[in-house]
Amino acid sequence: MSDFKQLHIQALVEANWETPDWQRLEPTWEGNWLLERHSMTERLKAHCDTLTVDVLGLHEIERGALSESERALLGDETCMVREVVLSGDDTAWLCARTLVPMSTLTEQEKDIAELGAVPLGHRVFNQANARRDAIEVAHLTIDGAVLLARRSRLWVNEKPMLVSELFLPHAPIYQEEG
Ligand code: PHB
């Protein structure tokens, strides 16, 4: 496993997720990013010419290996794990780990296991009934820097998946404008 993956994905797995203080966070620049209910992919795209996805990993995780909170949010089920890095104009901006229960990867959603370099948000938010809930936030310390992260549940055709996202140091969430 690469050092990058070991460090960043492991930090997401071990994060201490907390319910956000909406009133305090919502009016702030970073809060506005963290609480985004629509597509993070779209939001990042607005800050670069080219957004690219590199798949770091795609594997299965047995239900016994899920954390208690993951089980509570998704159900007690074997999941597919998708791990990616998103880059804006070749600068790494976001590292994400998504858990997709096998019962979500059925019928129209089978293709979610085979997205490759297509961003998840691009696939999910193309669908009219997509929605996001259960947004939580965390601060993760990596190489001495405190980075922002969030976890949220996405629904597509009433089937869930759980997306954890870590904003890397050069991400636009840290570059307040104006
Ligand atoms: C993904 O393609 O897996 C992906 C893309 C953007 C995100 C999270 C996950 O914000």
Side-chain angles (χ1 to χ4, degrees), residues 1-2 4-15 17 20 25 29-61 66 70 73-74 79-102 104-105 108-127 130-140 142 147-157 159-175:
M1 202 188 294
S2 73
F4 177 90
K5 183 172 163 183
Q6 173 70 23
L7 205 60
H8 294 79
I9 297 290
Q10 199 53 33
L12 278 173
V13 170
E14 291 169 0
W17 300 108
L25 269 182
W29 171 265
E30 64 183 39
N32 201 263
W33 277 88
L34 290 170
L35 302 176
E36 171 67 61
R37 282 193 187 272
H38 196 67
S39 169
M40 185 58 72
T41 302
E42 283 308 308
R43 190 152 190 170
L44 291 169
K45 262 189 189 165
H47 290 264
C48 60
D49 291 326
T50 312
L51 191 73
T52 48
V53 175
D54 286 303
V55 179
L56 299 177
L58 190 68
H59 54 269
E60 275 186 25
I61 180 169
L66 297 177
E70 288 168 344
L73 287 160
L74 291 175
C79 291
M80 184 197 79
V81 188
R82 170 177 161 93
E83 297 155 339
V84 302
V85 178
L86 259 78
S87 300
D89 297 335
D90 289 331
T91 300
W93 277 354
L94 185 130
C95 184
R97 172 180 185 259
T98 304
L99 293 174
V100 191
M102 288 307 165
T104 294
L105 291 173
Q108 285 149 273
E109 277 61 58
K110 280 188 183 144
D111 66 303
I112 290 177
E114 293 146 20
L115 287 179
V118 174
L120 182 69
H122 183 79
R123 162 65 179 80
V124 168
F125 286 99
N126 257 341
Q127 215 145 313
R131 63 191 162 89
R132 190 191 301 275
D133 69 2
I135 299 178
E136 297 168 292
V137 295
H139 289 94
L140 308 182
I142 295 182
L147 300 178
L148 295 167
R150 73 167 190 170
R151 183 171 77 171
S152 62
R153 185 169 50 183
L154 282 181
W155 294 89
V156 61
N157 281 325
K159 298 187 284 187
M161 60 194 99
L162 191 64
V163 187
S164 305
E165 294 159 315
L166 170 61
F167 294 90
L168 301 172
H170 298 290
I173 193 172
Y174 305 110
Q175 275 130 46

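The figures that follow rest on heavy atoms only: side chains count, while hydrogens, waters and symmetry mates do not. Remember, it's 1-based here, ligands and their atoms both numbered in the order they're listed. FYI, the numbering just counts along the sequence from 1.
- Of the listed residues (Arg82, Arg123, His122), the one carrying the non-hydrogen atom nearest atom 3 (O) of ligand 1 is Arg82.
- Residues Trp33 and Arg43 come closest through the heavy atom pair CZ3-CG, 3.4 Å.
- Listed by number with element, the atoms of ligand 1 under 4.0 Å from a non-hydrogen atom of Leu86 are 5 (C), 6 (C).
- Screening Val85, Leu51, Leu168 for a side-chain contact (heavy atoms from CB on, under 4.5 Å) with Trp93, the sole residue that qualifies is Leu51.
- Within ligand 1, counting atoms from 1 as listed, the ones closer than 4.0 Å to a heavy atom of Val84 are 1 (C), 3 (O), 4 (C).
- In this model, a donor atom of one side chain and an acceptor atom of the other lie less than 3.5 Å apart for Arg132 and Ser152.
- Atom 4 (C) of ligand 1 has Leu120 CB, 3.7 Å as its closest protein atom, hydrogens excluded (heavy atom only).
- Residues Asn32 and Glu36 are not in side-chain contact: their nearest non-hydrogen atoms beyond the backbone lie 4.5 Å or more apart.
- Contact atoms of ligand 1 toward Met40: 10 (O) (distance under 4.0 Å to a heavy atom of the residue).
- Every atom of ligand 1 with a heavy atom of Thr41 under 4.0 Å away is listed here by number and element: 5 (C), 6 (C).
- Which parts of ligand 1 touch Leu94 is read off a 4.0 Å heavy-atom cut-off, strictly below it: atoms 7 (C), 10 (O).
- Note: no N/O pair closer than 3.5 Å links Pro119 and ligand 1 by distance alone.
- The distance from atom CD1 of Ile61 to atom CE of Met102, rounded to the nearest 0.5 Å, is 10.5 Å.
- The two residues Leu35 and Ile135 come nearest to each other via the heavy atoms O-CD1, 3.6 Å.
- The shortest N/O to N/O separation between Glu165 and ligand 1 falls below 3.5 Å.
- For the pair Ile9 and Cys95, the tightest heavy-atom approach, listed with the atom from each and the gap, is CD1-SG, 3.7 Å.
- Applying the 4.0 Å criterion to heavy atoms of Ala96 picks out, from ligand 1, the atoms 8 (C), 9 (C).
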